[in-house]
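We're numbering straight along the sequence, starting at 1. Read the numbers this way: they start at 1 and go in the same order the structure lists the ligands and their atoms.
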Amino acid sequence: MELGVIGLGRMGRIVVDRCLDGGHDVVAFDIDADARADAGDAGATAVDSIPAVADELGDDERVWLMVPAGDPVDAALDELAPHLGSEAVVVDGGNSHFEDSTRRASEREFAYLDCGTSGGPASAENGFSLMVGGPEWAYDELAPVFDAVATGPDGHDRMGPAGAGHYVKMVHNGVEYALMQAYGEGFELLHDGRYDLDLEAVARTWNNGAVIRSWLLELCEEAFREEGSDLGDVADHVAGGSTGTWTVQEGLEQEVPLPLIYQALSERFNSRATGDGEGRFSRRLANRLRYGFGRHEVARRDDA
Ligand SMILES: NC(=O)C1=CN([C@@H]2O[C@H](COP(=O)(O)OP(=O)(O)OC[C@H]3O[C@@H](n4cnc5c(N)ncnc54)[C@H](O)[C@@H]3O)[C@@H](O)[C@H]2O)C=CC1
Ligand SMILES: O=C(CO)[C@H](O)[C@H](O)COP(=O)(O)O
């Protein structure tokens with residue numbers, strides 16, 4: 001299959017590489033010229049505008065957007081739409097709000113798939129988990145691409161109609177916040193508690209057979225190995241928050257109590273309001289974990 005990929009940052013570039021590895025042809029564009037050149041070196045056909053992506057594709061117009069959520073998605077769609085036929089399929093693999101996705105799907109002539117993408121840049125080698133919403137025929141049509149970008153056929157599924165993919169990803173992120181908070185609190189007690197513990201050894205032991213083993217816990221182990229048991233100069237400043245905010249808003253709307261997710265989100269907000277960089281260990285671990293899975297910048301004490 002031939003796929004256009006728009007947005008060649010941390011995530012989009014992995015879409016490109018995994019599609020090329022899977023035997024697909026890729027037409028690639030980013031507003032950043034270096035990113036375009038790198039994708040060209042990797043084997044994609046790099047073009048210098050969004051219309052050129054559509055023009056370069058054959059009759060089967062399949063495009064994957066991996067740009068920041070919000071206005072950049074609408075801007076890319078506005079540029080792309082006049083160059084696509086009604087049989088085209090566009091995938092938005094970013095963290096868009098599900099209501100933006102349902103709006104976009106209804107505004108466009110072509111098929112629109114909202115695709116929640118989990119795994120982050122650290123999943124380049126093994127592939128992502130993909131949660132897709134939109135028309136079934138379009139999902140089936142893109143299945144070979146999803147097979148390549150995900151861990152394989154079991155790493156993607158259609159969650160339901162337009163919006164369902166990004167809805168499921170929003171809730172996934174809420175769970176992610178709460179899990180990070182739970183690990184953070186446990187390690188904070190171990191760090192501040194009665195024994196002088198090697199937290200990398202604790203995490204490694206837990207990751208081998210314990211009830212609470214997980215990938216996030218493997219990332220805790222990695223963080224302690226790379227930063228030390230006291231997390232070195234990692235600051236108590238936790239960035240991000242949009243998807244967790246949406247999850248809490250949706251919980252209020254649906255009258256589903258989400259105290260853990262709300263508390264985890266509040267910890268992030270507090271870390272920014274009060275953080276002097278020296279504060280709570282749980283927040284410092286959450287800050288470092290965001291680098292582990294998402295390659296998000298780590299706030300260090302000097303710049304907290
Ligand atoms: N980093 C992560 O762990 C994850 C990120 N996501 C989502 O994936 C999307 C992309 O994230 P990242 O790759 O991490 O961001 P990034 O900042 O690394 O890359 C975004 C790329 O889009 C390009 N871009 C921006 N506007 C553009 C436009 N109009 N046309 C073409 N290119 C444009 C930028 O130049 C940049 O190269 C976001 O929605 C993000 O929330 C989803 C899952 C995990
Ligand atoms: O979707 C993701 C992981 O699943 C991204 O890494 C996202 O940025 C995480 O959310 P936040 O930036 O609010 O921590």
Side-chain angles (χ1 to χ4, degrees), residues 4-17 27-39 46-54 63-81 90-98 100-101 114-124 127-131 149-150 165-166 168-181 184 215-216 219 237-248 261 264-265 267-269 271-272 283 285-299:
V5 180
I6 296 173
L8 307 171
R10 287 167 294 197
M11 297 293 286
R13 184 49 203 277
I14 296 171
V15 173
V16 170
D17 290 343
V27 179
F29 172 72
D30 193 291
I31 49 176
D32 182 283
D34 291 339
R36 293 200 295 271
D38 284 350
V47 296
D48 60 7
S49 71
I50 286 181
V53 173
V63 181
W64 187 303
L65 300 179
M66 211 64 191
V67 300
D71 291 343
V73 178
D74 286 309
L77 287 172
D78 285 344
E79 269 197 85
L80 195 55
V90 176
V91 179
D92 173 15
N95 273 328
S96 295
H97 193 290
F98 70 95
D100 283 336
S101 298
D114 51 285
C115 173
T117 304
S118 180
S123 294
F128 296 131
S129 164
L130 302 175
M131 299 138 255
V149 175
H166 280 147
V168 173
K169 179 59 173 31
M170 173 188 77
V171 175
H172 161 287
N173 279 26
V175 172
E176 180 179 289
Y177 286 33
L179 288 175
M180 289 162 68
Q181 179 66 21
W215 188 50
L216 275 174
L219 295 174
H237 179 106
V238 193
S242 57
T243 47
T245 301
W246 302 340
T247 310
V248 170
I261 297 172
L265 179 66
E267 281 293 309
R268 289 194 185 202
F269 294 157
S271 80
R272 299 176 215 170
R283 296 172 182 172
L285 184 57
N287 168 18
R288 183 54 172 72
L289 286 175
R290 289 183 73 256
Y291 171 79
F293 60 73
R295 296 295 177 259
H296 300 292
E297 191 180 350
V298 181

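Each of the following atoms of ligand 2 lies closer than 4.0 Å to a heavy atom of Glu176: 3 (C), 4 (O), 9 (C). For ligand 1 and Gly7, the ligand atoms under 4.0 Å from any heavy atom of the residue are 22 (O), 32 (N). Of all the atoms in ligand 1, the ones that sit under 4.0 Å from a non-hydrogen atom of Phe29 are 30 (N), 31 (C). Ligand-side atoms of ligand 1 in range of Gly120: 3 (O), range being under 4.0 angstrom from any heavy atom. The contact set between ligand 2 and Asn173, taken as ligand atoms under 4.0 Å from a residue heavy atom, comprises 1 (O), 2 (C), 4 (O), 9 (C), 10 (O). The ligand atoms of ligand 1 that sit less than 4.0 angstrom from a heavy atom of Gly94 are 7 (C), 8 (O), 9 (C), 39 (O). Ligand 1 places these atoms under 4.0 Å from at least one heavy atom of Ala69: 39 (O). Residue-ligand proximity, Ile6 to ligand 1, at heavy-atom distances under 4.0 Å covers atoms 30 (N), 31 (C). Each of the atoms 4 (O) of ligand 2 lies under 4.0 Å from some heavy atom of His172. Those atoms of ligand 2 that come under 4.0 Å of a heavy atom in Asn95, given as number and element, are 1 (O), 2 (C), 5 (C), 7 (C).
Inter-residue side-chain proximity for Val63 and Leu80 is flagged as met; some heavy-atom pair is nearer than 4.5 Å. A 4.5 Å side-chain heavy-atom check between His97 and His166 finds every atom pair outside the cut-off.
Among all non-hydrogen protein atoms, the one lying nearest atom 13 (O) of ligand 2 is Tyr177 OH, 2.5 Å. Considering only non-hydrogen protein atoms, atom 19 (O) of ligand 1 sits nearest to Gly9 CA, 3.2 Å. Considering only non-hydrogen protein atoms, atom 20 (C) of ligand 1 sits nearest to Pro68 CD, 3.9 Å. Nearest protein neighbour of atom 9 (C) of ligand 1, counting heavy atoms only, is Val67 O, 3.6 Å. Atom 1 (O) of ligand 2 has as its closest protein heavy atom Lys169 NZ, 2.6 Å. Residue, atom and distance of the protein heavy atom nearest to atom 41 (O) of ligand 1 are Asn95 ND2, 3.2 Å. Ranking protein heavy atoms by distance to atom 35 (O) of ligand 1, first place goes to Asp30 OD1, 2.6 Å. Counting protein heavy atoms only, atom 3 (O) of ligand 1 is closest to Gly294 CA, 3.1 Å. Ranking the protein heavy atoms by distance from atom 43 (C) of ligand 1 puts Thr117 O, 3.1 Å first. Scanning all protein heavy atoms for the shortest distance to atom 10 (C) of ligand 1 gives Met66 O, 3.7 Å.
Considering each of Arg290, Glu176, Arg10, the one bringing a non-hydrogen atom nearest atom 14 (O) of ligand 1 is Arg10. Proximity annotation for atom 12 (O) of ligand 2: of His296, Met11, Arg290, Arg290 comes nearest, heavy atoms only.
Taking all atoms of both residues into account, the shortest heavy-atom contact from Glu176 to Leu216 is O-CD1, 4.3 Å. The two atoms that bring Ala28 and Ala39 nearest to each other are CB-CB, 4.0 Å, heavy atoms only. The shortest heavy-atom contact between Val67 and Ile6 is CG1-O, 3.6 Å.
The shortest heavy-atom distance from Arg295 to ligand 1 is not under 4.0 Å. Under a 4.0 angstrom heavy-atom cut-off, Pro121 registers as being in contact with ligand 1. The closest approach between a heavy atom of Gly241 and any atom of ligand 2 is below 4.0 Å.
Looking at Thr117, its side chain does come within 3.5 Å of a backbone N or O of Gly93 through a donor-acceptor pair. Of the possible polar contacts, one joining the Thr247 side chain to the Met170 backbone as a donor-acceptor pair under 3.5 Å is found. Put simply, the side chain of Arg283 never gets that close to the backbone of His237: no donor and acceptor are under 3.5 Å apart.
With Tyr291 as the aromatic partner, Arg295 meets the cation-pi criteria of under 6.0 angstrom to the ring centre and within 45 degrees of the ring axis.
Remark: ligand 2 and Ser118 share no N or O pair separated by less than 3.5 Å (distance only, no angle test). In terms of polar-atom proximity, Met11 is counted as a contact of ligand 1, with an N or O under 3.5 Å from an N or O of the ligand. Geometrically, ligand 2 and Arg268 share a nitrogen or oxygen pair separated by less than 3.5 Å.
Not counting sequence neighbours, Asp71 has no partner by the salt bridge (charged side-chain N to carboxylate O under 4.0 Å, His left out) test.
Side-chain polar atoms of Asp114 and Ser101 form no donor-acceptor pair below 3.5 angstrom.
Test His172, Met11, Lys169 against Asn95 for side chain to side chain contact (heavy atoms under 4.5 Å, CB included) and you get one pass: Lys169. Of the residues listed (Met180, His296, Arg290), the one engaging Val238 in a side chain to side chain contact (heavy atoms under 4.5 Å, CB included) is Arg290, and it is the only one.
Around the CZ atom of Phe98, the shell of radius 6.0 Å holds more than 12 heavy atoms that belong to other residues, nucleotides or ligands.
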Legend entry - Criterion side-chain contact (heavy atoms from CB on, under 4.5 Å) on Thr245 and Phe269, from CA distance to verdict: CA-CA 11 Å; Thr245 301; Phe269 294 157; 3.7 Å; yes
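Atom CG in Leu265 sits 11.5 Å away from atom CG in Asn173 (nearest 0.5 Å).
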